[in-house]
2 protein chains.
Amino acid sequence: MNPYIKRIKDLSYKLDLEIHAELEKVFVDKKFSKGAHLLRPGQVCTAHLLIKEGIARKFYLHNHKEITTEIYFHDDVAVSLDSYIMQKPGDVYVEALTELEVTIIDYGRFGKVKNTYPEVMMLDKMFIEYYAVWFEQRLREFQTLDASQRYLKLLEKEPQIVQFLPVTIIASYLNVSLETLSRIRAKVSSE
Amino acid sequence: MNPYIKRIKDLSYKLDLEIHAELEKVFVDKKFSKGAHLLRPGQVCTAHLLIKEGIARKFYLHNHKEITTEIYFHDDVAVSLDSYIMQKPGDVYVEALTELEVTIIDYGRFGKVKNTYPEVMMLDKMFIEYYAVWFEQRLREFQTLDASQRYLKLLEKEPQIVQFLPVTIIASYLNVSLETLSRIRAKVSSE
DNA sequence: GTGATTATTTGACCTAAGTCAAATTCCTGC
DNA sequence: GCAGGAATTTGACTTAGGTCAAATAATCAC
């Protein structure tokens with residue numbers, strides 16, 4: 001398991017029952033159907049979205065082209081970071097790629113629990129740390145790897161993405177054209 | 001001013017004297033000469049480095065090529081995030097590009113203050129938030145802009161970088177070859 | 001199953017940016 | 001000021017990956 005995730009889980013197991021009970025009150029489960037938008041540009045991101053079941057992605061539009069920034073599976077948390085932190089309108093979509101079940105963690109209500117219990121604040125901080133390091137690593141991949149290497153790394157690190165999703169989305173996640181991705185796949189599988 | 005920086009400054013002005021005094025005790029000033037390495041691969045990043053005077057950068061090596069990830073000026077904070085959070089050996093250099101004065105904020109000693117005063121923990125969290133959003137934006141620039149657009153954006157957002165630093169470093173920050181950067185500059189200045 | 005629609009692959013061609021090499025220009029120390 | 005070295009620019013050539021278009025292949029509705 002990713003050491004950052006492990007750290008978060010370890011701490012959350014240690015929380016006492018009272019805190020757990022308070023957190024439970026903040027959680028609200030909700031279902032979305034395939035293709036639904038859980039968040040759109042212009043909206044303020046007022047919640048963390050914890051994925052319980054299904055697949056989702058975050059993307060933004062650039063010159064009418066969709067650029068996928070993250071793909072979420074079970075236990076991942078979807079959030080438009082800038083919009084959430086500043087509570088200002090964002091510019092991304094969060095979209096259900098399959099039938100989806102999520103736990104919604106409301107900004108305001110979670111904030112209250114956070115301010116009451118330092119452990120919860122710590123948990124929140126660890127989440128941001130994970131996010132920051134994840135982004136730093138992803139940036140490095142763009143700086144150091146060419147298209148095929150990025151694909152191979154994805155295949156290795158997140159085979160579920162390659163297995164379950166159409167090339168259009170994988171290509172936009174790798175920041176290559178779908179034709180190029182198709183050629184990369186042809187080459188890789190012929191080897 | 002960047003809204004994230006403003007948020008951090010606003011909160012830090014509000015801290016009461018007691019906390020300020022505690023923080024002061026943690027700060028240690030130090031000078032480095034041009035070319036010095038404040039951090040090297042293999043070392044654990046045990047401090048935040050707050051730049052007081054001069055310019056520094058962070059970079060890593062990839063295939064014997066230096067890739068500059070950040071460039072720091074007055075009031076910026078240099079830290080190898082992954083190494084600092086996990087207190088494990090990192091893989092980056094922090095280098096003084098000029099004569100340099102920094103305030104060193106030790107991990108362990110700062111941690112104690114953080115755990116005593118929730119406001120300081122909050123301050124620390126805000127710093128990480130800034131970092132995460134900064135990385136997310138930088139990633140977007142690589143995903144959506146070509147070499148000239150990245151250069152023009154840098155010229156607009158951080159003219160000091162372009163003014164004071166050699167093309168080699170700017171090029172490695174923009175992730176282009178120095179020849180390409182030189183051609184971009186020739187074109188831009190002839191327009 | 002069959003036709004229609006959508007996703008993927010393949011082909012031909014183009015362009016941004018890289019590499020290697022040579023030519024300048026800019027700094028230094030003396 | 002000048003010789004030597006570094007930094008920068010310019011030129012010629014190559015290449016990864018993009019675009020546009022056509023051909024298959026897969027999926028869905030009925």
Side-chain angles (χ1 to χ4, degrees), chain A residues 33-35 55 57 59 61-68 71 95-99 139-155 159-191, chain B residues 33-35 55 57 59 61-68 71 95-99 139-155 159-191:
Chain A
S33 51
K34 181 172 174 172
I55 312 176
R57 66 163 175 154
F59 70 95
L61 291 177
H62 178 76
N63 295 152
H64 312 288
K65 207 178 66 187
E66 297 179 0
I67 297 183
T68 301
I71 296 171
E95 179 191 43
L97 293 176
T98 61
E99 294 297 302
L139 183 62
R140 257 196 208 209
E141 286 173 13
F142 283 107
Q143 288 170 331
T144 58
L145 306 178
D146 64 23
S148 328
Q149 291 170 322
R150 290 206 296 281
Y151 174 72
L152 289 172
K153 184 150 233 167
L154 185 67
L155 199 58
Q160 337 88 297
I161 291 181
V162 180
Q163 262 168 35
F164 297 122
L165 299 177
V167 285
T168 318
I169 289 176
I170 304 170
S172 87
Y173 183 74
L174 292 172
N175 212 40
V176 296
S177 68
L178 62 165
E179 294 94 332
T180 296
L181 179 56
S182 174
R183 282 183 244 267
I184 289 169
R185 292 184 118 170
K187 210 169 80 207
V188 167
S189 63
S190 77
E191 275 164 8
Chain B
S33 50
K34 183 172 171 170
I55 310 176
R57 68 162 174 155
F59 70 94
L61 292 177
H62 178 75
N63 294 151
H64 312 288
K65 207 178 67 187
E66 296 180 359
I67 296 183
T68 302
I71 295 172
E95 178 192 43
L97 293 176
T98 61
E99 295 297 301
L139 183 63
R140 256 196 208 209
E141 287 173 13
F142 283 107
Q143 287 170 332
T144 58
L145 306 178
D146 64 25
S148 328
Q149 292 171 322
R150 290 205 296 279
Y151 175 72
L152 288 172
K153 184 149 234 167
L154 184 68
L155 199 59
Q160 337 88 296
I161 291 182
V162 180
Q163 263 167 36
F164 298 122
L165 299 179
V167 287
T168 318
I169 288 175
I170 304 170
S172 87
Y173 183 73
L174 292 172
N175 212 40
V176 296
S177 69
L178 62 165
E179 294 95 331
T180 296
L181 178 56
S182 175
R183 281 182 245 268
I184 288 169
R185 291 184 118 171
K187 210 170 79 205
V188 167
S189 63
S190 76
E191 274 165 10

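Sequence lines set the chain letters: A, B, ... in the order given, protein chains first and strands last, and positions in each chain run from 1.
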5'-most to 3'-most nt of DNA chain C touching chain A (<4.0 Å, heavy-atom partner on protein side) reads dT8(C) to dA12(C)
Contacts under 3.5 Å, N or O only, protein and nucleotides 27-30 of chain D:
none

Holding to salt bridge (Lys or Arg N to Asp or Glu O under 4.0 Å), I want the full list of residues that pass it with R57(A), two or more places apart in sequence or in another chain. E66(A), E95(A)
S148(B): side-chain hydrogen bond (donor to acceptor under 3.5 Å, both in side chains) partners, not counting sequence neighbours: none
Rounded distance in Å - CG (L174(A)) to C1' (dG17(D)): 13 Å
Nearest-0.5 Å distance, NZ of residue K65(B) to CG of residue L61(B): 11.0 Å
Would you say dT8(D) has OP1 or OP2 under 4.0 Å from some side-chain N or O of T168(B)? yes
What distance separates Q143(B) CD from E141(B) CD, expressed to the nearest 0.5 Å? 10.5 Å
Using five pairs at either end of the helix from dG1(C)-dC30(D) to dC30(C)-dG1(D), determine the angle between the two local helix axes and round it to 10 degrees. 50°
Return the set of residues passing side-chain contact (heavy atoms from CB on, under 4.5 Å) with S177(A) (not counting sequence neighbours), or none when no residue passes. E179(A), T180(A)
Without decimals, in angstroms, what is the distance between R150(A) CZ and dG18(D) C1'? 13 Å
Minimum heavy-atom distance S33(A)-A96(A), with the two atoms named: O-CB, 3.7 Å
Only distances under 3.5 Å count here; give the side-chain donor-acceptor pairs of residues 159-176 of chain B to other protein atoms, sequence neighbours excluded, each with its distance to 0.1 Å.
| unit_1 | atom_1 | unit_2 | atom_2 | d |
| --- | --- | --- | --- | --- |
| S172(B) | OG | T68(B) | N | 3.2 |
| S172(B) | OG | T68(B) | OG1 | 2.5 |
| S172(B) | OG | I169(B) | O | 3.2 |

T144(B) meets the side-chain contact (heavy atoms from CB on, under 4.5 Å) criterion, sequence neighbours left out, with Y60(A), H62(A), I67(A)
Check side-chain hydrogen bond (donor to acceptor under 3.5 Å, both in side chains) between Q149(A) and all other residues, then give those that pass, not counting sequence neighbours. none
For E99(A), what residues pass the salt bridge (Lys or Arg N to Asp or Glu O under 4.0 Å) criterion, not counting sequence neighbours? none
Qualifying residues under ring-ring contact (aromatic ring centres under 6.0 Å, His included), relative to F59(A), sequence neighbours excluded: Y93(A)
At a heavy-atom distance below 4.0 Å, what parts of residues 175-183 of chain B sit against DNA chain D? E179(B), S182(B), R183(B)
